[in-house]
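What follows is a set of notes on a single structure, which appears directly below.
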Amino acid sequence: MADIICPNCGKNTPADEELCQYCYTRLKPSGGLPVGGSDDLMGLLGSQEEGADVPDWLRTLRPEDQEELGPADQAAGTESDSAMEGQQDETLGGQPPAEEDWMSRLEGEALPDFSVSEAPADSGEATLPGVPPDELAGLDWAAETPVEAPGPEVTPSQGSGFEEALDWLSSLEKEPSADETGAASPDFLAPTEAEGGQDWLSQPPKEEPLGEVSLSDETIQAEPGAAEEQISPADELSDWLARLGDQSVSTYEGKEAGAFSPMADEAAPDFSVQEPGQTPAEDDWLSSLQSGAASGPISEETEASSGEQADWLSRLGSEGFESEAPAPLEVTPPAESALPLDFASESSEAGLQPPPGETGEEETPVSPFTFDEQVLGLGEESTPADWFSEPAQAAPSPAAEDELPDWLRQAGEGESPFGARPAQQSTAPDWRSGRIEAQPSSGEPEAEPAGETPDWLGQLGEPAVEPAQETPEWLGQIGEPAIQEEPTPALDSTPEEANFAALNLDEGAVPDWLAKLDINAAPPGGESGVPAFVLDEETSPFSPDESLEEAAPVGEFGQAPDWLNQISGDQALPPIEEQPAPTGEAGLAPAELPGWLEAMRPSEGEGSGAIFRDTSDSRIEAAGLLAGVPGILPVEQEVIGGRKPPVYSIKLHVAQEQQDRVDMLKELLADEERPAVLPAPATLTTVFILRLLILGVFILGAIFAFWAGVQQTPTPGAGSIPQEVLDLRMVLDNLSNGAPVLIAFDYEPASAPEMEAAAMGVIDQLLLKGSVIRAVSTTNSGAALAKRMLGEALSMPDLSQSPPLNIAILGYIPGGAAGLQAFGRDPAGLLPYNLESTDNSNLNAWAEPVFNPVKGLANFKLVLVITDNGDTARSWVEQTSSQLQSNNIPLLMVVSAQSEPLVRPYYETNPRQVAGMATGVMGGVFMESLNGRDGIARRYMDAYSLTLMVAVLLLVIGSLVNLVSGQLALNKQLKGEAKA
Amino acid sequence: MSAAELFVGLLGLGFVLLFAILLLVFTALGGKQQLRPFREIPAFQKLRRAVGLAVESGTRLHVSLGRADLTGPDSAVGLAGLTVLERATRAAAISDRPPIATSGEGSLATLSQESLDSMLRSVSPDREPDPSAGRLTGLTPFSYAAGVIPVIHDEHISTNIILGHFGPEVALITEAGERVGSLTIAGTDQVSAQAVIYATAQEPLVGEDVYASGAYLGASPAHVASLRVQDIFRWALIIAILLGALARLVHLL
Amino acid sequence: MNLVDAADLIGAIIGFLLTVMVASYLFGDNALFRLAVHLFIGVAAGYATMIVAYNILWYQLLVPLLVSPLEQVLVVGPPLLLGLWLLLRISKGTARYATPVLAFMVGVGAAAAVGGAVKGTLFPQMDAAMGGLDLDLFGGQSGGVMFWFFNGLVGLVGTVTTLVYFHFGMRARSGQPARPRPWIDITGMIGQGFIAVTLGALFAGVYASALAAFVERSYFLWNFFWSLVGRYISIQ
Amino acid sequence: MKAPLLLVNTAIAISAGLLVLLGYLFPALGFLSDALLRWAVILAGFALLVGMANLLSVHIGNLRERKKGSLYSLVLIVAFVAALLAAGISTPTGGAAMWIFQNIQLPVEATLMAILVVTLAYSSMRLLRRRSGILPIIFVTTAFVVLIGLAPIYAYGDVPFLSSLRGWISQVPAMAGARGILIGVALGTIATGLRVLIGADRPYGG
């Protein structure tokens with residue numbers, strides 16, 4: 001006979017003791033319900049089975065189950081499958097017939113599931129790589145047994161005065177068989193019948209899929225403690241499923257795969273029981289799930305988001321079909337079969353992130369467990385601090401106590417069902433306890449106000465004012481049938497009310513995370529649960545409380561008896577020594593903490609969980625549901641202080657000054673919209689007129705000069721000819737006839753008028769001397785400009801009739817100064833050809849006997865640069881002067897007026913780098929006068945000199961006007977500033 | 001090679017080597033050099049302000065790089081213009097209208113595209129290179145200037161930075177800038193064009209100031225160092241000129 | 001009227017129209033100006049491209065390879081390959097791979113700039129500045145030797161003060177705003193005066209060049225007008 | 001990829017630059033730089049083609065996207081092709097090329113230069129309003145003196161004093177200032193060039 005573990009001090013106490021020998025915590029509720037043997041239960045079940053309110057499909061369930069066994073057995077074969085079979089054998093071994101009767105149904109029901117779930121071959125491997133399935137099963141039970149052991153002892157000692165609980169209990173007990181579940185429905189889920197009594201019945205299948213996963217994964221988490229908590233998620237599964245179906249929090253699934261197992265496990269048999277009749281009822285339970293997903297009982301919301309549920313379910317269905325689902329298990333089994341695949345792979349990766357493909361809707365039903373798992377099993381197993389830190393904060397107590405989860409403490413009170421909960425929880429193999437959980441969870445969708453909190457929790461909110469009366473809905477129903485009416489307002493209550501209820505509840509019994517779920521629950525809508533989940537991920541330590549609240553009624557009354565004892569009797573005895581494991585440090589502080597899990601750990605005091613904790617109060621609740629639970633605060637305080645968001649007055653008090661500023665701002669904004677006055681046009685007009693005037697004056701001057709005719713201005717006398725022009729002329733005079741001359745036409749077409757006027761006299765002289773001309777240019781247009789100027793020069797008198805001269809246009813010297821230097825080194829190599837060539841005879845520009853390509857620039861007797869650019873002139877000087885001077889070759893320049901000051905220094909140097917130069921139009925006039933031949937320069941000179949005078953007058957007048965007006969404006973400005 | 005050529009060559013080599021060594025030394029001392037103040041050049045002060053204003057107002061900066069031939073002696077001023085383009089692009093890259101560069105020479109246009117692309121990529125790597133951001137508007141001086149005029153009129157230009165090798169045609173660009181009411185900051189290496197810029201641009205850069213753009217816009221310690229070295233050599237040259245003139249005078253007296 | 005005369009007449013008409021269209025820019029940016037300018041840009045670019053094709057691609061690369069491939073392949077091959085490599089800049093995707101060629105061009109250009117500045121500008125200009133007072137260089141210019149000496153002195157002062165003006169450094173005293181040394185400031189102001197004179201003289205030169213172009217264009221328009229009148233009268 | 005490429009580019013720029021610089025300073029070492037200079041000259045021509053491709057791509061893009069002023073882009077492209085064909089068929093100095101040059105390019109460029117007469121006159125007149133101080137006055141006065149001395153007075157003839165004054169200004173003070181500016185520009189040029197030759201400036205990217 002196993003001892004009872006004191007939930008408060010965690011020590012063993014003989015089962016017959018009512019108080020803990022060490023801490024005197026009440027272990028048994030006085031007048032506990034004798035849930036002694038399975039006979040009683042079976043009797044109850046039997047009596048219930050005759051209930052008239054059993055749905056027809058439930059009546060037909062049993063034979064179907066029997067039939068299902070066949071195919072299920074055939075389907076067995078995979079590891080997980082055989083593991084389950086082994087488990088069944090062990091479970092059923094030595095069961096009394098009556099018990100075997102319904103238990104066999106459970107097992108039988110499980111088979112089809114596994115026949116489906118075997119589809120993923122890796123599920124077994126994932127469970128525990130390299131371990132035979134039988135061992136796996138053995139391991140499962142070994143892990144659970146220690147806590148299962150006390151089960152039988154506890155069950156007789158159920159809460160006092162629970163005659164009414166009988167039918168509730170019976171409903172729980174009946175639940176294993178679907179028809180009994182049906183019988184139970186009117187009992188404490190009466191309120192939900194408004195939405196169809198069968199809806200919740202159809203929920204167990206919802207949990208079914210997870211059952212597939214459970215077995216394999218449960219083997220991984222060989223910690224009963226985990227199994228206990230996993231019960232709680234199962235409770236809320238139905239509504240979380242829906243929410244997480246929308247919000248695929250894939251990141252957690254990998255991490256929590258291992259811990260889902262118990263959850264999933266529990267549902268397996270149940271599903272198969274209801275499957276046949278369930279298949280048509282899919283939509284119903286989905287819609288009921290939806291109501292949970294809609295975070296409120298409001299029917300519109302339920303309808304609103306029901307579509308989504310149907311979607312992911314249909315997808316699941318389709319996938320399920322792919323995975324060899326047996327015929328009888330039509331829609332849902334496939335969904336199940338899809339899940340083990342995911343979980344198996346996840347668990348095999350020890351929580352590695354599953355591939356994206358697994359995070360889709362097909363995993364939606366799993367997602368909630370993902371959440372639960374993170375919160376519970378896994379958190380407990382690998383990161384004890386995670387969920388133990390919370391109780392520790394709530395009640396600074398001895399280490400052993402700290403490590404004790406809340407539910408253990410509360411169970412330790414032995415109050416009503418809770419006294420037995422620890423044993424109960426643990427004794428119940430996850431898949432069974434979860435299976436039974438389906439019942440309260442089935443009520444959730446209708447009763448849960450905020451889509452997170454089960455209705456019975458929501459209703460706890462009201463009585464919560466008095467901790468002693470804090471009783472979950474189902475307890476209230478047990479207590480007095482009148483309370484059964486309570487859910488109704490809860491159903492109709494707005495989410496706010498629901499939250500409030502949850503808040504109250506949270507004070508005493510409801511775990512913080514639950515309250516947070518409520519608080520964070522968005523307004524009714526499909527995703528309302530999302531923030532809540534996010535929140536809870538942060539505060540995983542609280543989830544054990546959740547498991548406590550929800551799993552308690554379920555696991556305890558549902559599963560404790562009979563067949564569990566068989567298990568404990570058969571196999572679980574040896575591991576009894578491991579009993580401390582769930583509560584002891586040994587089991588709670590595993591050193592090997594995966595990195596990904598470490599990352600999940602909420603930092604101390606982090607997350608909103610801290611908000612809902614009050615560490616200031618360390619008193620322990622003396623009575624009631626939470627008896628023995630430390631840190632319980634009066635509801636009102638918490639509600640006002642911690643939960644309810646502060647209410648601000650929406651009435652805005654505006655001071656007169658503020659009002660004035662607002663008015664000013666309004667005026668400014670209004671001004672912004674008014675079109676601004678544009679002063680620009682006036683200015684533009686002035687500019688336009690001024691430009692027009694200037695242009696008109698110049699045009700008139702030029703026209704007048706042209707009209708008056710040339711020679712109006714006397715040609716400058718010889719005495720006024722500048723020295724540089726005289727030097728230039730002297731160099732030309734010294735040039736021998738027919739001498740090779742290099743001419744650079746380095747000006748832009750824009751300067752052609754000036755440069756042609758300036759250089760025509762020089763070119764004329766060169767042509768008259770019959771020079772051998774080679775024309776180059778450092779500008780693209782140079783060749784054309786050379787052609788143009790030489791053509792005009794050749795059209796002058798005395799040249800047009802002369803024999804064709806030796807003129808070659810070599811073209812363009814690219815590369816600026818570098819090109820000039822290269823040309824200076826090897827002109828024949830850089831520009832070897834004549835652009836003017838008509839045939840091969842004159843293609844080579846250096847074929848003349850006067851040229852020796854090797855000599856480079858020394859081939860020429862004169863270099864003339866015609867340029868409008870000071871830099872180009874400088875480049876020519878810099879790049880060629882050394883060669884030219886060393887060969888006594890004169891460099892002449894014809895430059896524009898703008899570049900004269902820049903070229904003059906080269907003329908002024910000693911020795912002169914530039915032998916002579918002519919500048920601009922007047923330079924051309926001087927040359928023409930020296931040549932005695934009028935040309936373009938002389939033609940332009942009159943207009944040029946007249947427009948120059950016009951320009952000077954405009955410059956003087958305009959400058960004076962602007963100077964005076966500028967000064968006046970400046971004075972005005974200064975005066976204005978002085979006044980200011 | 002004559003003795004005079006060798007002497008001039010050695011003198012030039014020594015000058016260049018000394019300049020380079022000092023440049024390296026002052027560049028190495030970059031941090032300290034940054035602290036020392038420089039003569040105020042209003043054009044650069046306005047330029048810094050204009051870049052920020054252009055980003056805020058969602059208008060463009062236009063950098064006109066001129067028509068310097070990269071392989072010629074005027075390439076230096078082209079490189080100075082590229083430095084300004086780089087600084088302006090870095091500052092205005094976050095704007096939805098990044099700067100636009102126009103040039104009148106093929107190799108310079110190519111470099112301006114490279115500079116723009118690399119700058120914009122450094123700010124937003126996924127940005128596609130935009131060939132029209134660094135465009136060649138013409139191949140002759142006046143066709144280049146004429147091609148810039150529509151850019152100034154059509155591209156929402158708020159500031160024109162005209163920095164490169166220009167001739168008198170620069171007057172067409174500054175005139176266009178004034179017509180659209182944008183700020184025109186101009187500088188070139190051609191003295192005759194500097195005269196035009198002085199008369200037509202709002203903020204002219206005269207002579208050597210053009211080459212100081214990098215230092216004044218905080219391009220790199222090397223730019224600051226080069227100003228220091230220029231100052232050192234400036235005084236060395238002044239002393240050399242005065243002593244040389246005196247020597248020639250005394251020699252004759 | 002023969003073909004040449006017709007071509008000349010058409011050319012003259014086009015030149016007249018283009019002159020008027022471009023001149024219209026004085027009254028503001030307009031479509032006629034833009035049309036003429038874009039036509040001009042296209043023509044100039046096309047002509048320049050063909051010049052480059054003739055002088056570089058054809059005469060300096062292809063013709064040598066065609067005439068004497070074996071001798072020229074080593075001379076012309078590398079620049080041809082570099083040139084083709086540079087053409088990668090044309091495509092957005094391959095533009096970055098042409099940067100080595102750009103680096104080569106920039107390096108050569110920088111060297112040309114440094115070498116040209118040292119040997120072509122710095123030394124000659126310094127020599128000219130030093131020679132301002134060299135009485136040996138007096139060649140009997142008008143004004144006599146004193147005036148010549150005065151000019152040399154002015155030139156020397158102008159050159160030096162202009163150089164001083166461009167001094168960038170300033171004196172920084174702790175707690176006081178940085179300011180140039182007073183004597184540098186004053187010298188620099190004198191230099192600014194010389195710079196203003198230089199720029200004024202150069203501006204006048206540019207203006208004279210523009211004026212020459214204006215006169216030429218006016219003369220063209222004047223002749224075109226009277227040639228049309230003459231043709232009209234002759235037709236009558 | 002980027003860093004090594006930048007390193008290679010810098011090495012190329014520095015080595016090529018140093019060789020050319022040595023050839024500049026010592027004509028006897030010209031053989032070092034001649035080949036590189038010729039390559040650079042040819043590459044400058046290829047760069048012009050690259051720039052041309054950019055010019056065309058911008059305007060073709062305008063046409064494709066039907067941007068404002070795409071008609072002008074069309075005109076530009078047609079003119080480009082016409083000039084290219086004309087100069088290609090009849091050499092750059094052939095009849096067709098010269099006809100286009102003389103009747104389109106030269107008139108437009110000359111007119112653009114001519115309108116500077118008005119633009120510069122307007123700007124110089126406003127200079128004294130836009131800028132305060134003595135320098136603008138010196139600038140305008142110098143321009144006035146030089147202009148009036150550039151040519152004889154219409155219908156009157158040469159005024160020796162004015163031409164002499166203009167000659168003196170442009171030969172003495174203007175040349176002195178120009179010399180100072182040129183030396184300063186040379187210093188700036190050397191600094192800029194050396195920044196490239198020591199690898200401090202890398203405008204070629206990589």
Side-chain angles (χ1 to χ4, degrees), chain B residues 8 11-12 15-16 36-39 69-76 79 107 110-111 113-114 117 128-129 131 137-140 143 146-147 149-150 153 168 176 179 191-192 194-196 198-199 206-209 212 215 227-228 230-231 234 237-238 240-242 244-249 252, chain C residues 25 28-29 34 37 40-41 44-45 48-49 86 89 92 95-96 98-99 102 105-106 108-110 112-120 122-123 126 129-136 152 156 159-160 162-164 166-170 172 178 180 195 198-203 205-206 209-210:
Chain B
V8 173
L11 198 62
F15 184 92
V16 170
R36 295 185 54 187
F38 286 131
R39 164 171 55 95
D69 180 356
L70 268 190
T71 59
D74 47 14
S75 63
L79 297 178
S107 54
T110 309
L111 270 190
Q113 289 164 24
E114 175 63 29
D117 291 348
E128 270 292 306
T137 56
L139 281 174
T140 64
S143 67
I149 291 172
H153 280 280
R179 287 193 184 193
V191 190
S192 56
Q194 287 177 29
V196 173
Y198 184 81
V206 178
E208 211 174 332
D209 291 355
L227 288 197
R228 303 291 176 206
Q230 280 171 248
D231 277 351
R234 182 189 326 282
L237 294 179
I238 288 169
I241 289 171
L242 292 175
L246 190 64
R248 287 198 186 182
L249 181 65
L252 292 171
Chain C
Y25 179 69
D29 184 31
R34 290 202 172 199
V37 156
F40 159 57
I41 294 170
T49 306
L86 184 62
R89 288 290 317 182
K92 265 193 262 179
R96 282 192 65 234
T99 50
L102 286 176
M105 294 175 70
V106 170
V108 171
V114 172
V118 170
K119 218 178 158 185
L122 211 56
F123 290 173
M126 282 181 68
M130 291 174 191
L133 300 179
D134 190 343
L135 295 178
D136 281 353
L156 190 64
T159 304
V160 169
T162 305
L163 268 175
V164 170
F166 288 115
H167 181 77
F168 292 103
M170 293 177 82
I195 291 171
T198 305
L199 295 183
L202 290 168
F203 178 82
V206 173
S209 300

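We name chains A, B, ... by the order of the sequence lines, and we start the count at 1 in each one.
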Worksheet item: Is there side-chain contact between Met105(C) and Leu86(C), with at least one heavy-atom pair below 4.5 Å?
Response: yes

*Student check: side-chain heavy atoms of Phe38(B) and Arg228(B) closer than 4.5 Å*: yes

Given Val118(C), Thr198(C), Asp29(C), the one with more heavy-atom pairs under 4.5 angstrom with chain B than any other is Asp29(C)

Item to check | Derivation of the side-chain contact (heavy atoms from CB on, under 4.5 Å) call for Ile241(B) and Leu156(C) | outcome: CA-CA 8 Å; Ile241(B) 289 171; Leu156(C) 190 64; 3.4 Å; yes

Assert top hit (heavy-atom pairs under 4.5 Å, partner chain C, pool Val196(B), Leu237(B), Val16(B)) equals Leu237(B)

Applying a strict 4.5 Å limit to non-hydrogen atoms, the region of Ala199(B) in contact with chain C is side chain

When the 4.5 angstrom heavy-atom criterion is applied to Val191(B) and chain C, the contacting part is both

Greatest number of non-hydrogen atom pairs under 4.5 angstrom with chain B, of Thr49(C), Val114(C), Leu163(C), Val37(C), falls to Leu163(C)

Those residues at least two apart in sequence (or on a different chain) that pass salt bridge (charged side-chain N to carboxylate O under 4.0 Å, His left out) with Arg234(B) are Glu208(B), Asp231(B)

Chain C shares the most heavy-atom pairs under 4.5 Å, among Gly138(B), Gly12(B), Pro168(B), with Gly12(B)

When the 4.5 angstrom heavy-atom criterion is applied to Leu102(C) and chain B, the contacting part is side chain

Under 4.5 Å to a heavy atom of chain C? For Thr140(B) that would be side chain

If one checks every heavy atom of Leu242(B) against chain C at 4.5 Å, the contacting part turns out to be side chain

Residues Ser107(B) and Leu70(B): closest non-hydrogen pair is OG-CB, 3.4 Å

Comparing Leu111(B), Leu79(B), Asp74(B), Leu246(B) against chain C, the one with the most heavy-atom pairs below 4.5 Å turns out to be Leu111(B)

Say whether, by atom type as modelled, one donor and one acceptor occur between the side chain of Arg248(B) and the main chain of Leu133(C) under 3.5 angstrom. no

Open item on the list: Quick check: do Val8(B) and Lys119(C) have side-chain heavy atoms less than 4.5 Å from each other?
Closed with: yes

Thr162(C) meets the side chain to side chain contact (heavy atoms under 4.5 Å, CB included) criterion, sequence neighbours left out, with Phe166(C), Phe194(C), Ile195(C), Ile181(D)

When the 4.5 angstrom heavy-atom criterion is applied to Ser75(B) and chain C, the contacting part is side chain

Whatever's closer than 4.5 Å to a heavy atom in chain B on Phe123(C) counts as side chain

